J.: 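What follows is a structure written as structure tokens; I'll ask about it next.
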Amino acid sequence: MFALIDGNNFYCSCERIFQPRLQKVPLVVLSNNDGCAIARSEEAKALGIKMGQPWFQIKHLEQSAGLVSLSPNFPLYGDMSLRMMRLASELGDKQEIYSIDECFIGLQGISNVTHRASEIRAKILQWTGIPTCIGIGHTKTLAKLANHIAKDADRKPGSYPTRLAQVCNLAELNERQRQFLFEMTDVGEVWGIGRRISQQLKEAGIKTVKDFVELDPGTVRKRFSVVLERTWRELRGQSCIELEEVPTPKKEIAYTRTFGQPVHNLASLIEAVTEFTSRAAEKLRKQQSKTSTILVFIHTSKHRSRPQYARSITVPLVRPVSDTKNLINAALHGLKKIYKPGFDLTKAGIVLMDLTNAQTRQAELDFGETVLDSDERLMHAIDEINDRFGRGTIIYGSAGVGSEKKVWTMNQQRRTPSYTTTLGEIPTALT
DNA sequence: TCTGGGGTCCTAGGACCC
DNA sequence: TCTGGGGTCCTAGGACCC
């Protein structure tokens, strides 16, 4: 049996902890560059704001409806997440942290689950200020579905029976009650059924979860995929997706950004790609991996009717490395190959691919010209210094050292302080 | 005027290799 | 004039998840 614990409107909830005036107010947290809404409070959802909706389309609600928007504050969300996850883990014996705001809990041998879940929920709320919902079921997909029901029952009166609000345990319901809930639930709410497949199912007359589970598995496999068949089995109570306690190392590490303003010149791109590569290399070393392929891309905005340009290139490395200097050299080499002047470039990024464990060493013939990783101790020292004194304390020269603000950096107009992770930004209580 | 970022998995065509 | 089959790599794009 599994539980899924999920923070409600997580980023908005994090912001509200330190700014109580934002309670009950329609609130959105915007994406990088203050581009679109990536988290919405219930009040903001009630205004009809959609997930991912561009800010310029909803900006007018500031005046007319008191909408408040904030730039994202990921250090804060990451730290609040850790606190929430630590408490959530007390529900069972195993935990899989699935995303910044949700985790699965393995419930093997746990009795009185529903009651325990309510207690954990109350504890998380009291200790961290984050409201959560908990779904429980025999498979991960069912736990996800139960979580959806717990949430809707909580915030949309009349959608589901109110006793399922906040904590919903599908495993303790009888078959008839489960069927009843399946019949009320749109097939598109199922974990693994996205916009596209949901639409195809509906065109075939399969509208609810009940319709879907009544299909024949062979048909699901043939018409769609083996992946969807797995989802079907999970909904029928057959567990196919295991709990992953230890996160598997990433196969790719990316750092990509939309620029604050369009960029036209190679010099700015070099700065941006240097910065992106440095940051990705930090992540790479943190996970104790090396990379042997780096992909660089640049492109214009599809939303503008200007000449379009999009290119990417993969640059193979002679051997797996994790040091920033070698990676920057490779990335800039690729960038210069794909750069073409005359376009309003709005986004660039790099992806480190073909990651391998840093401990693995491939033996090789010595041709007397080996390009080695920079001293590992040097990289380690730079990471430590940047960790301790703030990102950007030590940078590579091609990241640009001028004092003026770089055109490509992000716009973040409404960023809140890092209340819990930066000494100078700790909130003060007025006496 | 203004439209996010980080992942995984899969597919398909073209270039190139033997 | 006649012209195979198997494979990899690259690039691009689409599906899903958060």
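Just so you know, these numbers come straight off a predicted model, no measurement behind them. The chains referred to below are lettered A, B, ... by the order of the sequence lines, with proteins before strands, and numbering in each begins at 1.
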J.: From the list dT3(B), dT8(B), dG6(B), which nucleotide is the closest neighbour of the side chain of Ala254(A)?
T.: dG6(B)

J.: Checking contacts here: which listed nucleotide (dG7(B), dT11(C), dG14(C)) is nearest the side-chain heavy atoms of Arg196(A)?
T.: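 The closest nucleotide is dG14(C).
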
J.: In whole angstrom, what separates Lys140(A)'s NZ from dC16(C)'s C1'?
T.: 15 Å

J.: With a 4.0 Å cut-off on heavy atoms, is Lys250(A) in touch with a base, just the backbone sugar-phosphate, or nothing at all?
T.: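 Lys250(A): backbone/sugar contact only, no base atoms under 4.0 Å.
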
J.: Report the distance from atom NZ of Lys347(A) to atom C1' of dG4(B), rounded to the nearest whole Å.
T.: 7 Å

J.: Atom CE of Met353(A) to atom P of dG6(B): distance rounded to whole Å?
T.: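 The answer, rounded to whole Å, is 15 Å.
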
J.: Identify whether NZ of Lys or CZ of Arg in Arg279(A) sits under 6.0 Å from the centre of the six-membered ring of Phe276(A) and within 45° of that ring's axis.
T.: no

J.: Does Phe104(A) have its ring centroid less than 6.0 Å away from the ring centroid of Tyr98(A)?
T.: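 Close enough - the centres of the two rings lie under 6.0 Å apart.
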
J.: Expressed in angstrom and rounded to an integer, what is the separation of Leu355(A) atom CG from dT8(B) atom C1'?
T.: 13 Å

J.: For residues Phe182(A) and Phe212(A), establish whether the separation of their ring centroids is below 6.0 Å.
T.: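 No, too far apart.
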
J.: Check every atom of dG4(B), dC10(C), dT8(B) against the side chain of Glu252(A) and return the nucleotide holding the closest atom.
T.: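 Per side-chain heavy atoms of Glu252(A), the pick is dT8(B).
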
J.: When you get a sec, tell me which of dT11(C), dC18(C), dG4(B) is the closest nucleotide to the side chain of Asn32(A)?
T.: dG4(B)

J.: Check this for me: does any side-chain nitrogen of one of Arg233(A) and Glu229(A) sit under 4.0 Å from a carboxylate oxygen of the other?
T.: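 Counted as a salt bridge, because a side-chain N and a carboxylate O are separated by less than 4.0 Å.
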
J.: Determine the contact category for Gln53(A): base if any of its heavy atoms lies under 4.0 Å from a base atom, sugar-phosphate if only primed atoms, P, OP1 or OP2 are that close, otherwise nothing.
T.: nothing

J.: Measure from the side-chain heavy atoms of Arg311(A) and tell me the nearest of dA12(C), dC16(C), dC18(C).
T.: dA12(C)

J.: Within the structure shown, what part of the strands sits under 4.0 Å from Leu30(A) by heavy-atom distance: base, sugar-phosphate, or nothing?
T.: nothing

J.: Which whole-number value in Å describes the distance from Glu62(A) CD to dC2(B) C1'?
T.: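 Checked: the CD to C1' distance equals 13 Å.
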
J.: Report the nucleotide, chosen from dA15(C), dC18(C), dT3(B), that has the shortest atom-to-atom distance to any side-chain atom of His303(A).
T.: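 Ranking dA15(C), dC18(C), dT3(B) by closest atom to the His303(A) side chain puts dT3(B) first.
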
J.: Counting only side-chain heavy atoms from C-beta out, which of dG4(B), dC17(C), dG7(B) sits nearest to Tyr98(A)?
T.: dC17(C)

J.: Atom CD of Gln199(A) and atom C1' of dA15(C): how far apart are they, to the nearest Å?
T.: 13 Å

J.: In whole angstrom, what separates Arg195(A)'s CZ from dC17(C)'s C1'?
T.: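 Taking atom C1' of dC17(C) as the reference, CZ of Arg195(A) is at 13 Å.
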
J.: Atom CE of Met85(A) to atom P of dC18(C): distance rounded to whole Å?
T.: 13 Å

J.: Less than 3.5 Å apart, any donor N or O on the side chain of Thr258(A) or Asn33(A) sitting next to an acceptor on the other?
T.: no

J.: Can you identify which nucleotide, out of dG4(B), dT11(C), dC16(C), has its nearest atom closest to the Ile38(A) side chain?
T.: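 Ranking dG4(B), dT11(C), dC16(C) by closest atom to the Ile38(A) side chain puts dG4(B) first.
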
J.: Who is the Watson-Crick or G-U wobble partner of dC10(C), with both distances under 3.5 Å?
T.: dG13(B)

J.: Check whether the side chains of Arg21(A) and Gln19(A) place a donor and an acceptor atom closer than 3.5 Å, and report yes or no.
T.: yes

J.: Consider the side chain of Lys283(A), meaning its heavy atoms from C-beta on, and name the nucleotide among dG7(B), dT11(C), dG4(B) that approaches it most closely.
T.: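 So the nucleotide nearest the side chain must be dG7(B).
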
J.: As a test of reading the structure: which of dC18(C), dT3(B), dT11(C) is closest to the side chain of Ser99(A), going by heavy atoms?
T.: dC18(C)

